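Working notes, beginning with the structure itself.
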2 protein chains.
Amino acid sequence: MTTHRAPEGYDPYAFAPFAVTVDLAVLTLREERLHVLLVERGQEPYAGAWALPGGFVLPRESAEAAARRELAEETGLSEATVAGLHLEQLRTYTEPDRDPRMRVVSVAFTALVPDPPEPRGGGDAAQARWIPYGTHGHLAFDHDRILADAHERVGAKLEYTCLATAFCPPEFTLGELRQVYETVWGVELDRPNFRRKVLTTPGFVQAVEGPPRLTGGRGKPAALYRAGEATTLHPPLLRPEGRPA
Amino acid sequence: MTTHRAPEGYDPYAFAPFAVTVDLAVLTLREERLHVLLVERGQEPYAGAWALPGGFVLPRESAEAAARRELAEETGLSEATVAGLHLEQLRTYTEPDRDPRMRVVSVAFTALVPDPPEPRGGGDAAQARWIPYGTHGHLAFDHDRILADAHERVGAKLEYTCLATAFCPPEFTLGELRQVYETVWGVELDRPNFRRKVLTTPGFVQAVEGPPRLTGGRGKPAALYRAGEATTLHPPLLRPEGRPA
DNA sequence: ACAAAAGTGTTCAGCTTACACCCATGA
DNA sequence: TCATGGGTGTAAGCTGAACACTTTTGT
């Protein structure tokens, strides 16, 4: 019957080995649009197609460590900066033929980056770019699916966690926070009600002492806030119109 | 910089290979308590300790297929029955030293089983048993963590999905459905309010024509319901008292 | 003066909560 | 007849949706 864990005398080399990789859905907000970090593949298979950044998990490394390492490499952000970013395991993709070359099991992560730099164009052929979500065509491998899963997960988590602050710089206005919800959900929220909701949820945000900030162009300067202690919202901030996909 | 997917000339045998396994947190309700399916280990490491059932992913098999295969083996349920059960990927555990023998990456699943048989005692030494949740001591490997993650996930998903019906047989009473919430959350719910909430949520349950069922011992016979079309609840059914762990 | 964005106030509908009460069955 | 669980009714209180209105800035 079952083999439980490793059976007596199990030989790791008896099977064709599995490769374990990480794939990253790195999301950010630029100019009021959701953007994804994509890389253009230089080799077959899928040469010329766009794909999620990623790479192999090293022999002595956890998948999360591998994901953070790749994130730093691809974005050009420092290790220290990357250490503070929101990185979350999404799910693992294991279909036997998802990579035509060999058996690859990929642990996918979602990363949220506020105000990112241009990805550093490395020396090699493949370029990395921020692409507005939805304007890329089909991605390589099963990355369409991974990216869609990431988007859905982020949208859902905005409802019942404080995740939205991960898209914002350390100090932000309530308008910027509201922009996160509106952009990811693709809806408009009532400004007064959003403000009340956020301010009355304990631990969501905390006011920053000091002068308000001029918000881009016109309008009254807005007070600044920092992310609070809480990680979950109770009650949740539900998106309008039921639960669209 | 990045290796993207497999670099040119990547040799799958160049690194010590990763083993890929599945671990299952199989939950059920028995006598108004949450139970977990555990197996007693017969060999080192952790000989004599209890562990989650699981096993290796075969070379041409997805992790989900492996999980369903193991579930059938461990519970003794037929392949056909297992095909209809709720099985969901939880997360993947990748710490390099989580198994002292070799590098094992494990994709964990949560399975929900209504009214299960005793696990079939296989021919070999290791026994499998339903254990009341929380009465097992420390589990082998990182299985304490996996099981705790599974419990938390199930508790959270009861709030905003129809998951509770997965703990119930095909036809069930509202009392049985309420019992799921009360047992998993460890709280008491107001019977009238629960009933209204469930019946007014479109697609949660649908009434079964026919005579009501006598509920165990005393009390008025209860009407029967089947799981509905819906998968998510809007608005959610929040547990009382904030969000306890 | 006007547009744009922040911030305050107010109303109304709908939902949650709490609890009283009746019904059907077994012991 | 009593205990037990199913099922109905209802009133109080809270939350969220909608929207009118004021404030402060840039053009």
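We use all heavy atoms of the structure for the numbers below, so side chains are in, but hydrogens, waters and symmetry mates are not. Proteins get letters first, then strands, A, B, ... in listed order; numbering begins at 1 in each. Given the structure is predicted, the values throughout are model-derived calculations rather than measurements.
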Answer with base, sugar-phosphate or nothing: what part of the nucleic acid does Pro235(A) contact at a heavy-atom distance below 4.0 Å? sugar-phosphate

Arg195(B) CZ to dT16(C) C1': how many Å, rounded? 18 Å

Can you tell me if Glu182(B) has over 12 outside heavy atoms packed within less than 6.0 Å of its CD? yes

In whole angstrom, what separates Leu199(B)'s CG from dT16(C)'s P? 13 Å

Please state how far atom CG in Asp190(A) lies from atom P in dG16(D), giving the value in whole angstrom units. 13 Å

Whole-Å distance separating the CG atom of Leu177(A) from the P atom of dA5(C): 17 Å

Is there a donor and acceptor pair closer than 3.5 Å between the side chain of Arg191(B) and the base of dG6(D)? yes

Val180(A) and Phe172(A), any side-chain heavy atoms less than 4.5 Å apart: no

Protein-nucleotide distance (Glu188(B), atom CD; dT17(C), atom C1'), rounded to Å: 15 Å

Atom CG of Leu238(A) and atom C1' of dT16(C): how far apart are they, to the nearest Å? 14 Å

Look at the side chain of Arg196(B) against the base of dG7(D) and say whether a donor-acceptor pair falls under 3.5 Å; ignore hydrogens and angles. no

Would a distance-only check, ignoring hydrogens and angles, find a side-chain to backbone donor-acceptor pair under 3.5 Å from Thr110(B) to Leu90(B)? no

Tell me: CG of Asn193(B) to P of dC19(C), nearest whole Å? 11 Å

Is it true that Asp149(A) and Arg153(A) make a salt bridge, defined as a side-chain N closer than 4.0 Å to a carboxylate O? no

Are OP1 or OP2 of dG16(D) and a side-chain N or O of Lys197(A) less than 4.0 angstrom apart? yes

